[in-house]
Number of protein chains: 2
Amino acid sequence: MSASKRDELVQKALRIFYRDGFHATGMDKLVKETGISKTSMYNHFRTKEDLILAALRLRDELFRNRMYRRVEELADDPKGQLEALFTSLDEWFHSEEFKGCMFIKASGEYPVHGTPIHNISAEHKKLILSYVEEIATKAGAKEPNLLARQLMLLKEGAIVTAHIQGPDGIADDALSAAKVLIKEQLD
Amino acid sequence: MSASKRDELVQKALRIFYRDGFHATGMDKLVKETGISKTSMYNHFRTKEDLILAALRLRDELFRNRMYRRVEELADDPKGQLEALFTSLDEWFHSEEFKGCMFIKASGEYPVHGTPIHNISAEHKKLILSYVEEIATKAGAKEPNLLARQLMLLKEGAIVTAHIQGPDGIADDALSAAKVLIKEQLD
DNA sequence: ATATACATTGACTAATCGGTACATGTTATT
DNA sequence: AATAACATGTACCGATTAGTCAATGTATAT
């Protein structure tokens with residue numbers, strides 16, 4: 001099937017782009033590492049950027065699904081779920097494949113605003129923000145959107161710091177801060 | 001003078017690397033934009049990586065000097081200085097040259113731990129953390145190192161978010177969270 | 001069984017990558 | 001005036017960049 005070949009390409013390209021970066025990954029490396037011919041790639045995607053966009057879309061889907069599922073696995077009540085966000089982060093930080101946030105790296109390598117790659121990164125962040133805001137509302141926060149934005153800052157900071165300094169203790173710091181912010185809004 | 005030529009090169013290279021990224025900036029582009037010949041560059045630096053490291057060292061120096069000076073300009077008391085951190089961030093976010101954190105981008109493009117570029121990024125973050133911790137201690141925080149790490153998470157998150165979503169309101173969110181965390185530690 | 005659609009290899013393009021060689025300035029010191 | 005040190009432009013190196021082309025499988029669908 002053609003669709004599965006395409007999916008296979010996007011999956012493998014995602015892994016390599018995430019591991020090595022975008023500019024540092026040439027099409028010939030993708031050919032060598034995926035075993036998929038260059039002609040086939042360009043049959044499915046007009047340009048390298050189109051392939052990158054497909055990889056980012058897949059990443060967004062996989063990442064959010066995993067995170068949402070894990071958060072809802074870890075806690076039933078909304079307040080517990082807000083805290084579980086950081087537990088799931090901690091698990092991610094300590095997993096083998098952790099190499100920082102793919103969207104932060106993408107918008108770092110493609111810094112021009114309004115660019116498709118930049119837009120998809122912004123969209124990814126907004127979707128997670130909405131999710132957190134929804135939980136914050138259910139939890140009865142006074143200002144759920146403010147709380148959600150604050151927790152997102154802790155999340156982004158934790159991801160970046162875990163990537164630069166190593167994963168240990170980072171999510172705990174974020175969680176301890178999150179608890180204070182949550183308490184402040186639920187009193 | 002030879003030293004000033006070298007400094008001129010590092011300053012100009014810094015601007016271009018920060019604006020366009022590292023892999024996306026070739027030596028020929030540097031020649032064209034700096035007006036400095038490639039032979040001269042390789043007379044001062046053995047490799048492109050050496051030039052990148054020099055640019056990052058300069059960036060660290062300039063960035064921390066500016067931030068420390070601005071924080072101490074904005075407030076005399078340590079508690080006010082902790083808050084002024086985020087005011088200075090807001091000014092940076094809204095300045096023309098803001099393109100995110102150069103060290104976050106550097107460790108994104110050179111993801112291997114232990115690499116010189118990765119190390120210098122980690123060092124930069126540690127130096128700012130020490131500075132914040134010092135102020136937190138003076139402010140009388142119960143756990144000044146924890147508070148400093150929490151405020152740093154807000155700072156990194158704010159930088160990344162301002163870069164991806166745009167600068168408006170981000171530092172305010174971080175400041176409002178910071179105030180809650182500071183209050184919690186000073187009671 | 002034949003047609004259609006897609007995958008494949010491999011050679012190829014023009015441009016750019018990091019880095020070097022060489023010969024010609026330019027400048028300051030002696 | 002001569003020398004040493006450094007800056008310069010230009011041309012070049014082999015490798016790699018994104019992307020194309022033509023020719024040859026190979027599978028599925030009618």
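Within every chain, numbering begins at 1; the chains are lettered A, B, ... in the order of the sequence lines, protein sequences first and strands thereafter. In what follows, every heavy atom counts, from backbone to side chain, and hydrogens, waters and symmetry copies are set aside.
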Contact check, side chains of Leu147(B) and Val132(B), non-hydrogen atoms, under 4.5 Å: no
Quiz item: Do Lys38(B) side-chain and dG9(D) base share a donor-acceptor contact under 3.5 Å?
Solution: no
ask   = Does the Lys105(B) side chain pair with the main chain of Lys99(B), one donor and one acceptor, at a distance under 3.5 Å?
value = yes
Closest to the side chain of Ser40(B), out of dC17(C), dT8(D), dT8(C), is dT8(D)
Rounded to whole Å, CG of Leu30(B) lies from P of dT8(D) at a distance of 14 Å
At 4.0 Å (heavy atoms only), tell me whether Asn43(A) reaches a base, stays on the sugar-phosphate, or touches nothing.
sugar-phosphate
Next on the checklist: So Leu89(B) and Met67(B), do their side chains get closer than 4.5 Å, heavy atoms only?
Outcome noted: yes
Met41(B) CE to dT10(D) P, in whole Å, measures 15 Å
Quiz prompt | Under 4.0 angstrom between Ser37(A) side-chain N/O and dT8(C) OP1 or OP2 | solution = yes
Here the distance between atom P of dA14(C) and atom CE of Met27(A), to the nearest Å, is 20 Å
In whole angstroms, the gap separating C1' of dA18(D) from OH of Tyr42(A) amounts to 5 Å
| message | Quick check on dA7(C): is either OP1 or OP2 less than 4.0 Å from any side-chain nitrogen or oxygen of His44(A)? | response | yes
- prompt: So does Thr47(B) reach the base of dG18(C) with its side chain, donor to acceptor, closer than 3.5 Å?
  reply: no
His23(A) NE2 to dT16(C) C1', in whole Å, measures 13 Å
5'-most contact on DNA chain D (nearest-nucleotide basis), Arg46(A) vs Ala24(A), goes to Ala24(A)
Separation of dT16(D) atom P from Asp20(A) atom CG, nearest Å, is 15 Å
note: Leu9(B), atom CG; dC6(D), atom C1'; distance rounded to Å ~ 14 Å
Donor-acceptor contact below 3.5 Å, side chain Lys125(B) vs main chain Phe103(B): no
Separation of dT20(C) atom P from Phe45(B) atom CZ, nearest Å, is 15 Å
Here the ring pair (Phe, Tyr, Trp, His ring centres under 6.0 Å) pairs for residues 54-77 of chain A, sequence neighbours left out, are Phe63(A)-Trp92(A), Phe63(A)-His124(A), Tyr68(A)-Tyr131(A)
Quiz item: So, is Thr39(A) near the phosphate of dA7(C), with a side-chain N or O under 4.0 Å from OP1 or OP2?
Solution: no
